[in-house]
Amino acid sequence: DARVTQTPRHKVTEMGQEVTMRCQPILGHNTVFWYRQTMMQGLELLAYFRNRAPLDDSGMPKDRFSAEMPDATLATLKIQPSEPRDSAVYFCASGASGRVEQYFGPGTRLTVT
Amino acid sequence: KQEVTQIPAALSVPEGENLVLNCSFTDSAIYNLQWFRQDPGKGLTSLLLIQSSQREQTSGRLNASLDKSSGRSTLYIAASQPGDSATYLCAVRMDSNYQLIWGAGTKLIIKP
């Protein structure tokens, strides 16, 4: 049963701390998306990778957020330093080349106090 | 700028009823439209995808329709069950690019 996995599922941290969220895309998928979901803004696209290269990260606050794909099986989203307004659920999704379908992970619920 | 709206934000109906969820978009030049389901504490699951050239798609008890000219899509759920309780989101693509533009969702509760 192929699925996108995300760790951790929950993270509570204090303002100013570094947060790293990890995503393992479905094996063979070459596109990875990072989304943020809040009650106020709904779902927002933060970054998009294809074949491990970032194609669009315009939705991501550059001063504190960074996204990488060290290899084809791991995508990371890092926040440094974290702020209370970063509290949200962060979703990773992956897709196959040439297909529009995106498969979502269960999300990481981040709370910054 | 494309905007996607889902009304109502929440809906509660008795089990067994047929129901319709609505999605509207301001720019009719869409590439495709997709309906997703989100369960509490979980990610999103794609339900149906309608290409701009299509009028409807069906999967089991679900039927999604698309009327580009009026900027509307509906998700019809037949014989609703408590297990259908979830938040339903629609999203549109303006071209073959990946970018999805999301509605805020309709939270559906099916009462036993």
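In what follows, chains carry the letters A, B, and so on, assigned in the order in which the sequence lines appear, proteins first and then strands, with residues in each chain numbered from 1.
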Report the option among A:Asp56, A:Leu55, A:Val4 that has the most heavy-atom pairs separated by less than 4.5 Å from atoms of chain B. A:Asp56
In terms of hydrophobic clustering (I, L, V, M, F, W, Y; side-chain heavy atoms under 4.5 Å; direct or indirect links), are A:Val19 and A:Leu77 co-clustered? yes
Can you tell me how far the CD1 atom of B:Ile101 sits from the CG atom of A:Leu43, to the nearest 0.5 Å? 13.0 Å
For A:Gln37 and B:Gln38, does a side-chain donor sit closer than 3.5 Å to a side-chain acceptor? yes
At a heavy-atom distance under 4.5 Å, which candidate from A:Phe91, A:Phe33, A:Tyr103 has the highest pair count against chain B? A:Phe91
Student check: side-chain heavy atoms of A:Pro106 and B:Lys42 closer than 4.5 Å: no
Should we say atom CZ of A:Arg64 is surrounded by more than 12 heavy atoms from elsewhere, each under 6.0 Å from it? yes
I'd like to know if B:Leu48 and B:Val4 are part of one continuous hydrophobic network [Ile/Leu/Val/Met/Phe/Trp/Tyr, side-chain heavy atoms within less than 4.5 Å]. yes
Under 4.5 Å from any heavy atom of chain A, what part of B:Asp39 do you find: side chain, backbone, both or neither? neither
Side chain, backbone, both or neither of B:Leu49 within contact of chain A (heavy atoms, under 4.5 Å): side chain
Is A:Arg50 close to chain B through its backbone or its side chain, or both, or neither, when contacts mean heavy atoms under 4.5 Å? neither
Cluster link B:Phe25 to B:Leu21, ILVMFWY, side chain under 4.5 Å: yes
When rounded to the nearest 0.5 angstrom, what distance separates CD in A:Gln102 from CG in B:Leu100? 5.0 Å
B:Lys68 atom NZ, neighbour heavy-atom count above 12 within 6.0 Å: yes
Going hydrophobic residue to hydrophobic residue with side-chain gaps under 4.5 angstrom, can you get from B:Leu19 over to B:Leu47? yes
Check for me, please, whether A:Ile26 and A:Phe49 land in the same ILVMFWY cluster - side-chain distances under 4.5 Å, paths through other members count. no
